[in-house]
Amino acid sequence: MSTHNGNTQTTEKSTDYFVHESAYVDLPCKIGAGTQIWHFSHIMQNVEIGEKCKIAQNVFVAAGVKIGSNVKIQNNVSVYAGVTLEDNVFCGPSCVFTNINTPRSAFPRNTIDDYLVTLVKQGATIGANATIVCGHTIGRYAFIGAGSTVTKNVSDYALVYGNPAKQVGWMCECGAKLDDFEVDTATTCKACGREYEYCAENQIKRKE
Ligand SMILES: CC(C)(COP(=O)(O)OP(=O)(O)OC[C@H]1O[C@@H](n2cnc3c(N)ncnc32)[C@H](O)[C@@H]1OP(=O)(O)O)[C@@H](O)C(=O)NCCC(=O)NCCS
Ligand SMILES: [Zn+2]
């Protein structure tokens, strides 16, 4: 395995991404054009990162993790094995992922089979200092408030916060809160005009 830092690196796919001289990228990795990796961050081998991502300061990405395009990872976030971030995900500063549900120092559980999967779907936001207990899926465009502890799956477009995180409403793709609405009804975002309708119990979708 080789490691590079600085901004002169090459990979299989592209050479036009940026790695600050204080950051480490363990090769091989696939990193898309326009992605920036800032101070003191460490990307392990076999990671795949899409285009135009911003990986801020002191971020760790474990071997084999897949990250989509236009993902923003703020300072002090570790993306452990078992975590996948789809396109346009926002990870607020110091948010915490986990990958082992019942860790014990004297009984190591650190093979890939021990890890519980966390999937953060397209467009979701994780607020600052939130903790995601492993084994859960955060739906498309879901919004996790700052400091929350997520212990269950989160529906697409759901706004959740608190410890344990509870759903308190719905959030538009644009990041504005949607007015409360009921089963079999629809609502329009006051900020951007996108329309949503209920499609199943506690599930909404963009209106066609
Ligand atoms: C969740 C959020 C979007 C606001 O949602 P909101 O429903 O509009 O919240 P409001 O400010 O109207 O507050 C409503 C209630 O929820 C509480 N609340 C708001 N955010 C909360 C949070 N993250 N955790 C717990 N409670 C929260 C408020 O204290 C208030 O409680 P009250 O009714 O008892 O007074 C915002 O608080 C938040 O957490 N944003 C994330 C910020 C962040 O992490 N950014 C990262 C990049 S810098
Ligand atoms: Zn909107």
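For the numbers below, each heavy atom of this structure counts, side chains included, while hydrogens, waters and symmetry mates do not. We count ligands from 1, going down the list as the structure has it; atoms in each ligand are counted the same way.
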### Task
Mark whether atom 8 (O) of ligand 1 lies under 4.0 angstrom from at least one protein heavy atom.
yes
## Note on the structure
Applied to residues 37-58, the salt bridge (Lys or Arg N to Asp or Glu O under 4.0 Å) test, sequence neighbours excluded, yields none
### Query
Mind checking whether Trp170 and Phe143 have ring centres under 6.0 Å apart?
no
### Task
Would you check if the side chain of Thr149 reaches a backbone N or O of Asn163 as a donor-acceptor pair within less than 3.5 Å?
no
### Message
Less than 4.0 Å from atom 36 (C) of ligand 1, is there any heavy atom belonging to the protein?
### Response
no
### Query
Any protein heavy atom under 4.0 Å from atom 26 (N) of ligand 1?
yes
### Query
Can you find a protein heavy atom closer to atom 16 (O) of ligand 1 than 4.0 Å?
yes
### Message
For a quick test of reading the model, state the closest non-hydrogen atom pair linking Gln45 to Leu27 and the distance between them.
### Response
CB-O, 4.0 Å
### Message
How wide is the angle at the Zn ion (ligand 2) spanned by Cys189 SG and Cys172 SG, rounded to 10 degrees?
### Response
110°
### Task
Could you tell me whether atom 39 (O) of ligand 1 has at least one protein heavy atom nearer than 4.0 Å?
yes
### Partner residues of Phe60 under the ring pair (Phe, Tyr, Trp, His ring centres under 6.0 Å) criterion, sequence neighbours left out
His42
### Task
Might you check, step by step, whether the distance between atom 11 (O) of ligand 1 and some protein heavy atom is under 4.0 Å?
no
### Query
Is the backbone N or O of Asn58 less than 3.5 Å from a side-chain atom of Ser41, with the two atoms forming a donor-acceptor pair by type?
yes
### Query
Considering all heavy atoms of both residues, which atom of Thr118 and which atom of Phe97 are nearest to each other, and what is their separation?
CG2-CD2, 4.3 Å
#### Entry: Heavy atom of protein inside 4.0 Å of atom 22 (C) of ligand 1, strictly below
yes
### Query
Nearest protein heavy-atom contact for atom 2 (C) of ligand 1: which residue, which atom, what distance?
Phe143 CE2, 4.6 Å
### Task
Ignoring hydrogens, just give me the one of Ala146, Gly162, Gly175 whose non-hydrogen atom is nearest atom 41 (C) of ligand 1.
Ala146
### Query
So, the side chain of Arg109 versus the backbone of Thr102: is there a donor-acceptor pair under 3.5 Å, distance only?
yes
### Message
Side chain, backbone, both or neither: which applies to Lys177 and ligand 1 if a contact is any heavy-atom pair less than 4.0 Å apart?
### Response
side chain
### Query
For ligand 1, which atoms, with element, lie under 4.0 Å from some heavy atom of Gly127?
44 (O)
### Query
Any donor-acceptor pair under 3.5 Å linking the side chain of Thr98 with the backbone of Ile132?
yes
### Summary
Counting from 1 in the order shown, the ligand 1 atoms closer than 4.0 Å to a non-hydrogen atom of Phe90 are 47 (C)
### Query
Less than 6.0 Å separating the ring centroids of Tyr157 and Tyr141?
yes
### Query
Of the choices Ala128, Cys95, Pro93, which has the non-hydrogen atom that lies closest to atom 43 (C) of ligand 1?
Ala128
### Opening angle between SG in Cys192 and SG in Cys174, taken at the Zn ion (ligand 2), to 10 degrees
120°
### Task
Name the closest protein heavy atom to atom 4 (C) of ligand 1, giving the residue it belongs to and the distance to 0.1 Å.
Tyr161 CE2, 4.6 Å
